[in-house]
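Along the sequence shown, residues carry numbers from 1.
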Amino acid sequence: MAETEKTEEGKYVVPEWTKDTVKPFLTEQSKFATLFPKYLENYLQTVWKDVMVVLKNQNLEGKLDLIDGSVTVLTTKTTWDPYSIIKARDFIKLLSRSVPLHQAQKIFKDEITYDIIKIGSLVRHKERFVKRRQRLIGPNAQTLKALELLTESYILVQGNTVAVMGTWKGCKAVRKIVTDCMQNIHPIYGIKQLLIKRELGKDDEMKNEDWTRYVPQFRKTHQKKRNLSQAEGDEGAEKPKKKPKREPKKPKSIFPPEPTLRTEDKLMASGQYFEQERQKKMEKQSGKKKQAKKE
């Protein structure tokens, strides 16, 4: 195993990992497999020769199974780097997430890592999710390009996931901005923080100091309702509507409510019911007398 070397300045330098470092080579075979969506079959078929060239440079092998829809990578007898199979696993994961080959092959570099951010479960409402995802991309993908430049990383928004490739620091910053955007915090606030941190990092005096007082902290705030006096003072301002006053509630009684009166009951109470019956009887009697006279 190679040991770290110390320079005259007191800094430790890790030597490069070469074939001479590990002897003998790996004795056991390791393999990883991942599934890919059906719409990537044609792309993987056209690019598979180049994929095999990339894996061959790392002394690895790959298998493409179109029936099961999976990609497999495995070590060979000539594999000398034990961590290359982990990088190859990340390589096929990025390919299955629609990352192009020329970008995915950069994962084999030591300083490059990746992160898959699942944003589909962060927002329940579908229309709201689509709007916030579009807000993350920005008009003509300008917001996404600004994030890539500030974090020095590659970002791909595909479906319900966001694939990020870059340094550990850059991936961490992108994850925070993406999750904040899905929680209804505009990504422009995170971009402003990154700009301020970059300017502070250029200053030698501010490198080792605390930046919390210089970096703005953005929080969700609810707009307070304006007073009537403020609204009247502004020209052209609409006056707030007055809320209707609520009537005080009547005390509830323990007993059930009284039954509603019928029309007959009301007529009986007023005395009209009996008068109507008398009039009907009088009309009948007068009608009978007229018929008797005619006969």
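Listed here is the closest heavy atom pair of C171 and V164: SG-CG1, 4.0 Å. When all heavy atoms of A33 and T72 are compared, the pair lying nearest together is CB-OG1, 3.6 Å. Between Q105 and H102, the shortest heavy-atom contact is CG-O, 3.6 Å. Closest heavy-atom contact between T151 and T167: O-OG1, 4.4 Å. When all heavy atoms are compared, the tightest approach of S153 to G166 is CB-CA, 3.9 Å.
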**Prompt:** How far apart are the C-alpha atoms of V178 and I155, what are their side-chain angles, what is the distance that settles it, and do they pass the side chain to side chain contact (heavy atoms under 4.5 Å, CB included) test?
**Reply:** CA-CA 11 Å; V178 169; I155 306 170; 5.8 Å; no
**Message:** Would T75 and L60 count as a side chain to side chain contact (heavy atoms under 4.5 Å, CB included) here? Give the steps.
**Reply:** CA-CA 5 Å; T75 57; L60 299 169; 3.9 Å; yes
**Asked** Can K176 and D180 be said to form a side chain to side chain contact (heavy atoms under 4.5 Å, CB included), step by step?
**Response** CA-CA 6 Å; K176 185 179 183 303; D180 287 348; 3.1 Å; yes
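Residue pairs satisfying the side chain to side chain donor-acceptor pair (under 3.5 Å) criterion with at least one member in residues 123-149, sequence neighbours excluded, are listed as follows: R135-N184. Sorted by first and then second residue, the side chain to side chain donor-acceptor pair (under 3.5 Å) pairs with a member in residues 254-268 read R262-D265; sequence neighbours excluded.
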Can I get a per-line list of side-chain donor-acceptor pairs under 3.5 Å for residues 86-98, giving both atom names and the distance, sequence neighbours left out?
unit_1, atom_1, unit_2, atom_2, d
K87, NZ, I107, O, 3.1
K87, NZ, K109, O, 3.2
K87, NZ, I112, O, 2.9
S96, OG, I92, O, 3.3
S96, OG, K93, O, 2.7

For residues 34-45, tabulate all N or O donor-acceptor pairs below 3.5 Å that involve a side-chain atom, not counting sequence neighbours.
unit_1, atom_1, unit_2, atom_2, d
Y43, OH, L101, N, 3.1

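Under the 4.5 Å side-chain heavy-atom criterion for ILVMFWY residues, no single connected hydrophobic cluster contains both V123 and I116. Residues L55 and L74 do not share a hydrophobic cluster, defined by chaining ILVMFWY side chains whose heavy atoms lie under 4.5 Å apart. Hydrophobic clustering (ILVMFWY, side-chain heavy atoms < 4.5 Å, transitive): V53 and L64 are in distinct clusters. W168 and L147 fall into different hydrophobic clusters, where Ile, Leu, Val, Met, Phe, Trp and Tyr residues are linked whenever their side-chain heavy atoms come under 4.5 Å apart, directly or through other members. Cluster annotation: Y114 is connected to V51 through the hydrophobic network of ILVMFWY side chains, with a link wherever side-chain heavy atoms come within less than 4.5 Å.
In this structure, CD1 in I177 is found 8.0 Å from CG in L150, a value given to the nearest 0.5 Å. Taking CD of E61 as the reference point, atom NZ of K56 lies at 10.0 Å (rounded to 0.5 Å). Here CG of N160 is found 13.5 Å from CD1 of I117. Values are rounded to the nearest 0.5 Å. Between the NZ atom of K197 and the NZ atom of K192 there is a distance of 15.0 Å, given to the nearest 0.5 Å.
Listed for the T76 side chain is a donor-acceptor partner under 3.5 Å among the backbone atoms of N59.
Inter-residue side-chain proximity for M182 and F129 is flagged as met; some heavy-atom pair is nearer than 4.5 Å.
In this structure R278 satisfies the salt bridge (charged side-chain N to carboxylate O under 4.0 Å, His left out) test with no other residue, sequence neighbours excluded. Scored by the side chain to side chain donor-acceptor pair (under 3.5 Å) test, D115 finds R175 as partners (sequence neighbours excluded).
Sparse packing is recorded around OH of Y189, with 12 or fewer heavy atoms of other residues, nucleotides or ligands lying under 6.0 Å away.
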